[in-house]
Each structure stands twice: as C-alpha cells, then as structure tokens.
2 protein chains.
Amino acid sequence: AAVKAKGDEIRAAKDKLKASGLKGKEVDTHEEVVKLVAELQALKAGAGAPAAAPAARADKPKEPKKEKAEKPKAKAKAETTLAKPSKGGGLDVKKEDDTPVWYEQVIYKAELIQAYPVKGCFTLRPWAYRIWELIQGWFDTEIKKLGVENCYFPMFIPKCYLAKEEAHLDDFAAEVAWVTKFGNEDIEEPVAIRPTSETAMYDAYSNWVQSHRDLPIKLNQWCSVVRWEVKQTTPFLRTREFLWQEGHTAHATRDHAAQEVLDILELYAGVYEKLLALPVVRGTKTKAETFPGADYTTTVEAFIPVTGRAIQGATSHHLGQNFSKMFDISFQDPNDPEGKKRECAYQNSWGITQRTIGVMIMVHGDNKGLVLPPAVAGFQVVIVPVGIKASSTDEDRTKLSDACANMTKRLSDAGIRVKLDERDNSPGWKFNHWELKGVPIRIELGPMDLDKGEFIMARRHIADPKESKITGKDATLVEDVQRALDGCHKDLYDRALAQRDEKLVKVDEWKDFSPNLNQGKLLLVPFCGNPECEEKIKDTSKEESAETEVAGGLKMGAKSLCVPHEASYSKPCPAKCIHPECTFKGVTARTMFGRSYQ
Amino acid sequence: AAVKAKGDEIRAAKDKLKASGLKGKEVDTHEEVVKLVAELQALKAGAGAPAAAPAARADKPKEPKKEKAEKPKAKAKAETTLAKPSKGGGLDVKKEDDTPVWYEQVIYKAELIQAYPVKGCFTLRPWAYRIWELIQGWFDTEIKKLGVENCYFPMFIPKCYLAKEEAHLDDFAAEVAWVTKFGNEDIEEPVAIRPTSETAMYDAYSNWVQSHRDLPIKLNQWCSVVRWEVKQTTPFLRTREFLWQEGHTAHATRDHAAQEVLDILELYAGVYEKLLALPVVRGTKTKAETFPGADYTTTVEAFIPVTGRAIQGATSHHLGQNFSKMFDISFQDPNDPEGKKRECAYQNSWGITQRTIGVMIMVHGDNKGLVLPPAVAGFQVVIVPVGIKASSTDEDRTKLSDACANMTKRLSDAGIRVKLDERDNSPGWKFNHWELKGVPIRIELGPMDLDKGEFIMARRHIADPKESKITGKDATLVEDVQRALDGCHKDLYDRALAQRDEKLVKVDEWKDFSPNLNQGKLLLVPFCGNPECEEKIKDTSKEESAETEVAGGLKMGAKSLCVPHEASYSKPCPAKCIHPECTFKGVTARTMFGRSYQ
Ligand SMILES: [Zn+2]
Ligand SMILES: [Zn+2]
C-alpha cells in the first residue's frame, strides 16, 4: 500500500513537472522525482532500510521494467554530485554572485565535464578534450623542435623506486594510490600508480647513459597521474586523476640544463598567452615552494580576477644532480685525461596539466557560459542560417543552404574550424547553445545578407549584443573571419591583462600587506626568501584577515607565488624584508605574494 | 677478509672482461660481475644473509661510494629480467633458431623497449613510441572523418559498474587490478583500474541520450588499460598494461551500427596493410570467440610465419542492445505516433592495441634486427657521409658536409622523415646501428658520388648487400627516394603475403586437419559454428599432435580465428562440418582455424 501511494506521489510530481514545461528525461531526472524514486526503492527493499542511494542501485537485484520513471535509473547519479543543477538551458547563477556554482554550471552545461561515481574523478567530454588536444598539438610540436622525443613508461611504480628519494617521496606519500589486489588475489609486492614518474624514468636513464655521447636525453610523455586528494576536488583544477605531460631530460652540463628550463618555461607561457589568451608572470619559486628534489623551480603564475586568487600555471624544474647521484646517471668525464673520473648528469623535469582548461574557464567565462579563445576552440566559427519563414520558397531555402555550405567549405579549406548548424531547432535555440559552449564567432546568414553579399558575425566575448555584431563581406570572407578571430584573442588577452594588472601592486611596508591582500590583490614585496619568514608572512596575514571582509571569501594566509623574472616587477626594490620580525636587509628582487589555489 | 677476497675476485673478473673487449658499464653490468657484487653485498650484510637480489638493493642503507663497480647499481636490474643479453652490438641468435630470444634481442637492441621492475610492464622507448604515434596519427585522422570525437574517461571503475554486466565482467574479473589503499589508509570502496571502459562510458551515455536527436554518439579514447596477466608476458604482445584506443558508439538503428562495425574494421585492416605492410584476413569471430556482451565480433587476423601462428590484429564489435538495455541508453521512438514507446540504442565498441608493433617486428624483422615499413619508421631515411680519409682536405670535408645538409633539407621539405648521422663513429658502426633499428633506406654519400651527381641507397629489407643497393640521381633526389620507399613497402607486404598464402590451405576432411596444423598452417574448413563442436576440434587436434613434430613447437589445439568475409576463401565449401562427431550439414562458409597467440 505504501508502495502504491509512493507510486501515485511520483506520478503526480511528474505531471506537475510536465505542466511546467519539462519533458522526457528532464522529468525523470528532476531532483524531486529522483528523491521520490529513491524513497520508493527503500520501501520496496523493506521497512527500516535506509533510502537507497542512487549510486548503490546497480548492485541491487533488477526490478521488473514497468514504467520508465520508476525504474532505478543511472541518470540520477550524475545529478546528485552536481551541487545545484539549474533548470532549462542557460545558467541561473551569476559568476560574481556564486563563483563555485557558476563554474559547475558552466562545465556541465557547456558539455565539458560529466560527473563520475568515483570521488574526485571526472570525465572529459569531447568539447573539453578537444581543448586539451589543441594544447597538446601545439606544445608537442614545439618540444619536438627542441629535440624532445615522446615515450611511455608504465603507470605502476614499484615501492623500491618511491622509497629511493625520500624528500621526493614525502611530498607525495600520503596521496599515493596503491594496487594491492588483482581479481581476488593479493599482489605480493603492491605497486603505486604514478603520482609523477621521476623515479621510474631515472633508473632507465642510468642504464642508457654510459658516456657523455649518450647525453642529452630528452624524453616526454603524455599520460595521466593519480594523487588521491582528500581535500575538496574541483573539475580541471584539482582532481584525483589528471592529464598532463611530464618532460624529463638529462644533460652533460648545468648550463645546457639551465637553458632548457627557461626554454620550456617560455613554451608554458606560450600555452597561456598564445593559446588561452591569459597573461602569466614568469618567475622562480621561493625555497619553501620549490619542488622536492629540485635545485630550483620556475613557474608561470596566472590570476583569476573573480576570486582574487593566483594559480600556478605550469612548472619547469632544474633537478641539479640530486636524482642523477641517487640513480647513478653518470658518465666518464670527457675532460679527465685519465678517463677515470665520472660526472653525474644535470637533470630537468617539467609539466603542464589539464588545469590550464580550468583557469581559462574561470577567467574568460561569463554569465552566458563558456568563452573560448579561438586557438583552443573545437569550432572557431559556427554558421547559423537565419531568416527562413513559413512563407519562404523552396528556392529560397535551397539557395541559403547552398550558400551556407559554400561558406563552410571556404572557411574550412582556409584551416578555420567551422561548424554549420543545420539542425531543426530555432535560430534562437542555436544562438544560446553555441554561446553556452563558448564558440568565438557565430555567423548569421539569411536571404537578405546573401542579396547584399554580406554576413553578420556575432563575437562571443563581447557581452553587449549590438557591439558584439560586425558585418563581413562575402568577397573577403576568409580575411574578415580571420581578422575577427585574431581580434577575439587580442581582446580576451588584453581584458585579462588589464584585470590582472589592476590587482598587481607593489607593497613596501607590512602595514599595507593584509589590506591589499584582502582586496584580492597580488603583492610584489621585498622578501628575504627564508622559508621560516615565509611561514610567518602566511600566519600573520591570516591572523590579520580574521576580522575583516575578504575578496573571494577565503581567509587563507598569503602564499609566495614566485620571484618574477622580469626586472620591471622589482623596480624599485626596498632592501629590507617586509615582515616586521625579519631583519634581513639584502633583498634585491621582489617576490609576488597572494592567495592562491592549491 | 672475505670481503677483501671477494673484492679482489670482482676486480679480476672485470679485468678479464675488459680484456675481452667490453668497457665501462658493459663490464659493470655483466652478469658475472653483477653476481659477484651481489655476493659481496651479502658478505657485507653479514654471514647467513641471502645474497641481496639486485631489485631489493634500493631499500638498503646507502653504501659509501668507493669504486664504481662495487656500488649497488640500478643497472643490473634491467639485465636480470632480460633472458639472454647478447654481447656487443648485433644479434647473436638467428630468428629461425630461437625466435623468443631473437625477439627479445631485437626489441632491446633496437632500443624499442626498456625492462621494468614490475612484472609484465615494459617501457616504450621513443623508437617504439614513435611507431605508435604514427599509427595513432593515421587512425585518429580517419575516425575523425567518420565523425568520431576523442574524450577521456577516468581510469578508475567503481565496483558497481563492473558488476552490472555479468557476462562482461566474468571475462575480465580474474585479471582486474584493484586500488585499495592511498598512503597508509584503506579506501572505503576499492576501485578497479579499467580493463576496458564499456561500463564506465555507458552510464554517461544513458545521461546524454534523451531523444533520437542525441544519437549517434561516437566517442574514442587513447589510453592504457590494465589486465593483470598471470600467464607469461611478452613485450608488445601480452603485457599487464598496454596502450590502445577504445571506440564506443551508440546509434539509433541497427543498420547504422552494423555499417560502422565494417567501416572501422576496414580502418584496422588499413593500419596493417597500409602502415605495417602486413596482410590480414577480415572476418567474423565464431560464437565461442565473440566478445562477452557483443552480438558479434569482427576481426582482422594476422599471421606470423616463423612460428606458424595466427594473431588477432584488432576487433570491432557490434554490441546490439545488450548494454543499452542494461544501462538504459534509450530514446523516444520517433516512429511511435503517441510518443510513448522507447527504443534502446544499438552500440559498437572497437579497439586496436600496441600489439600491432609486436606483430610487425615478428613478421618483418630479420637476423640483422628490426625492419620498419616506411609508414611507421621514425626515420625513413638515414644519411651517412662516407669516403672521408685521413688525407681528405678541409675543403673536401666541408663540401661533403654541406651536400649532406642540403640533401637532408630537400628530403625533409618534401615530407620525408630523414636523419643525418654526422657523429664521430665510423660509417660501418653507423650502418650496423641503423640496420639494427630498421631504418628503411640508408643513403651513403661520399666525395665520388658528389662528383657524379649520384648517391647510393641501401634498402634495409633486402638482405643481400649487392641487391640491396641502388643508385639515385641528385637531380631527382626526392622522386628517387620516394620511389624506393614505396618499393620497400610493397616488397615487405608482398613477401609477407606470399609467406602467409603459402600457409593458407583449404581442408575438407578431418584426416587432413592435424597434419596441416602441425606444419604451421592456417586451415580453411567447413565448420558448424557450434561452441561445443569448436571445443572438440581444439581437443582432438591437441590429442593428435601429442606424438608428432609441430612447427613452432607449441602443441596447443587449433583455435577458430574467424569466418573470413571474402567469398573466395569459402569457394568451394563442403556442407558438412569437418569434425567427425558432428552431424551438421548446412555449412555455407569456411572458418579459418590455426594455432594462435593469446
Ligand atoms: Zn624575511
Ligand atoms: Zn560441428
């Protein structure tokens, strides 16, 4: 009887939702229905049993299929991990009002991400993976020019490797995932899933290096790594498994290695600036923030204006001889006349991750959804036929359709990624759809445009509808579109740069530190570089923020981001370290501090 | 004292090895030295302790560094997993004499593989990974033309997914690797590492499909999968982790799905025929060999003449509605006027793995090493300057060097992958080096060739040194080289085809079955398709092989490979099933049987 009553309740809820305009699976997956269905399941499973969580249903005996809405459906699962699904197509939260929810809505509704039932893991849908492929394509070509070759090392790391470099291990140990079983059997010697591949690779390097002629070794691999985060995870930005590349090189001299560190850093800056239209600060990490096992770590630091937080963009490390001594990557010193002295190789490692995509979404995205810079847009241009009415003749329709196809071909032949959307949906629906997905340029083409030999381009990154639209000439189609795309990139970059620079301040005295920090700014300050002093800066700034309003809401202490390489960031530079308790007076370059992701 | 004596013994052994021509690390890593060093370690660790296994040394407290040879060195590790390291540069085993050892020597000496301390896992070095990249590049382009998009699903599969499709799970369960810990903590709900991603992906598909307009979904991912093999592993051919692509598509109609199965199969045949210069038989698996969860499985089957064994090249499955019913990938039937009926999607899955590389090595490789078909050769051409003597003038040297650089540029500009080898080593050393690595064409260029406006091309795939060499004209450099490369591919393919066809026989009566099988042949036989009858064929052929000599040495029973699609394989076809105990008389197409890898 209770089951029957619950069934009726479900049907009533569904009717109500249908009346409100939802249909099909939208109804079945609505949170209200999902909740009721779960309650129904619990009733069926017997009184006293807790309501079955949707994710557990797969283990249950199959219910006979009766009515779609009552079936335990996998659908519900994704929804339950999505904090606040919005109704309908667009976003219902403003970026500036609730950034985390806005971010979640953008990534789901722009079809970048699919929720997954393993905590901290997310599926990259084609629209997101395409961004990664485009980043990969560019970076892979560039590193091959530097003589880097791709390879693939196993994902499993034996315990003895991880134990070898203790400082290195300590940093990852708590987050390392271990495979201990296969089938029902225990594995004799459990293996870790790579959190990074230094140790796996360098043992091989040791085998390969016999003489200085075997150097340099420059290897890279594109793969995923696993760090079992216990902190809150966020798609793209912090996930338990993530995609990255890891480059590992060994050189005969420190100079060659040091040069490469900077060459790679410049490529990472290129990914941000040339592809993602995001400004970054190139710099070197302080001692406290240096990669464990590295002599020094260089970084590109990005900034997310809406939260006032910096984010590490990618790092290029010089490992010195730390690993080569440990793993014996050594060669006969060619300068030793007796040929007895051995020299250890100088090594680098460097990596960039799918985090790039998250930063890009956070900076460029707006209240209509994703905004993609042209260089990483799966489609740079979408063509939407418009102006066809019920009264339009077949001839009109054919003419427009042919013109759209012709335009698509000309743009495609010119190397522009273009999509012709000829689906049944209304032009308005298509406009929203592609705006949500962030396609840089929408071309609207109608019978009247054809007559004039013109077309309309609506530029996604310009919010004002009137300002967004410009007219192109059919005779100069490719040039006009290319110019508009270049303009998109430049506008996006310039806007992000202006927003970043507005927040970048030189602070000389401690009294100005926390007030600026709490306004979501990046502070260029004189700092001694001492890890203990850095800890004090973090603590003091956290204490001073306790009683005050903070941009972005998170009252964490300030973290050092990097010592910028560009001299202008340091001019002028006070000699005394900024922390009141520090007596160091030999500072020569400013360090950038701020609140930061991760 | 014992330590001192052992130290002397090591030094004596090393001197002896040096005298025999080994040097540097070759000496340190020689098995004799490794063994003595291990004994020394054991002595140091105290009497009664077992000799330290090389792989365990990383866990030991560090020994003070004294003499290179006595240091516990990572080097030894790789060697110990290599069955029979050969001395010097070339191969010391003939392919036909001991194929497994030959194979192992080729893959290590051609720098394709590096041994790894986790059993069944191997590192793909750049020379091997490049082959995979070239296969990837071609196949990825082709599937994108079919509308397939790339994506990335997490490597972790929750237990509830794997449990969902039992037939599917059964096939993998015993080999599934489980992550049960991170750091020192137990994971509440252990997760599997994907052995394949059907279950992970189809739950998402269920979310994405609401109407027939959401179909087709055509996704692919390039990733690695893990199957914890307990059987003997072989690099490329059977490993615990391997690289592959997995395509997963969902269609509104069976016809669309069925067409795609064949389109993809043809692309797989293309990988073998167009890239790897290997003939394959396209066909459909028997019921017994069909993928669990599939309605039917199509396959391309390759053949390895030296062992007389077939090998499954790649498979393209039609899953019917098996998974879509399980995961509810359903949509409103557009043909139902009331819009109430729901229809389940028709699905395919298809995959090709790094095994391709192993098959290619096995078929084309020879007693000088690897032989690469041009389409998958990292370098298609290597240029080696020759004819420079001690008496050569600086002008001669510069002229030759410039000519080599010029030639390199012209070939490279024409899209040919070319390497100029200007290292210090002798031309003979370089010839051997690049022959071992299988580069299709070596261009030898010397002062006399320059004067004549000619160059010599040595073609790797032709064993006879005289026949191998042909002359090209500088004036027609690109055309001559391109023609020679095309010839390499054709020769390799034709040779493999002839070797395969020589072993392909039609067998109509059981009395001829085992005799042909034992000669390493592929048998085209009338077969009823019944799994029990197939089991009998396997058993009977195994029994009948017990007393006799068998090509390749392995006396396993015959396995069905496929029912070939091409009609000529079946003409004529007896109606009665070949097994004497089977009474079926309605056979219409022959099935190919043979001994097989996997
Ligand atoms: Zn200080
Ligand atoms: Zn039969």
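Letters go in sequence order (proteins before strands), and every chain restarts at 1. The figures here come from the full heavy-atom set of this structure, side chains too, leaving out hydrogens, waters and symmetry mates. All figures in this text were calculated on a predicted structure; none of them were measured in a lab.
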Winner by heavy-atom pair count (cut-off under 4.5 Å) against chain B, out of [options]:
options                            : result
A177(A), A204(A), A128(A)          : A177(A)
C121(A), P154(A), P126(A), G183(A) : P154(A)
E111(A), Q221(A), K181(A)          : K181(A)

More than 12 heavy atoms of other groups within 6.0 Å of D186(B) CG: yes
Steps toward side-chain contact (heavy atoms from CB on, under 4.5 Å) verdict (E149(A), R125(B)): CA-CA 9 Å; E149(A) 298 174 297; R125(B) 300 184 65 178; over 6 Å; no
Trace of the side chain to side chain donor-acceptor pair (under 3.5 Å) decision for W208(B) with Q114(A): CA-CA 9 Å; W208(B) 297 335; Q114(A) 175 68 35; 2.6 Å; yes
With a 4.5 angstrom heavy-atom cut-off, is it the side chain or the backbone of [X] that approaches chain A, or both, or neither?
X       : result
A200(B) : both
L243(B) : side chain
D140(B) : side chain

I want to check something: taking the side chain as every heavy atom from C-beta on, are [X] and [Y] in contact at a cut-off of under 4.5 Å?
X       : Y       : answer
T123(A) : C151(B) : no
I157(B) : Y116(A) : yes
R423(B) : R213(A) : no
N150(A) : R130(B) : no
P117(A) : Y161(B) : yes
V230(A) : F182(B) : yes

Worked check of side-chain contact (heavy atoms from CB on, under 4.5 Å) between I193(A) and M155(B): CA-CA 11 Å; I193(A) 302 179; M155(B) 71 156 81; 4.3 Å; yes
Ion pair K144(A)/E133(B), N-O distance below 4.0 Å: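 Salt bridge flag = yes for E133(B) with K144(A).
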Region of Y202(A) in contact with chain B, defined by heavy-atom distances below 4.5 Å: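 Interface part for Y202(A): neither.
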Among V191(B), L219(B), T239(B), I187(B), residue most engaged with chain A (heavy-atom pairs, under 4.5 Å): I187(B)
Whether Y152(B) and Y129(A) hold their rings parallel, tilted or perpendicular, with breakpoints at 30° and 60°: parallel
Identified side-chain contact (heavy atoms from CB on, under 4.5 Å) partner of V179(A) from the options T180(B), V226(B), V179(B): V179(B)
Nearest atoms (heavy-atom pairs only) where W228(A) meets F156(B): CZ3-CE1, 3.7 Å
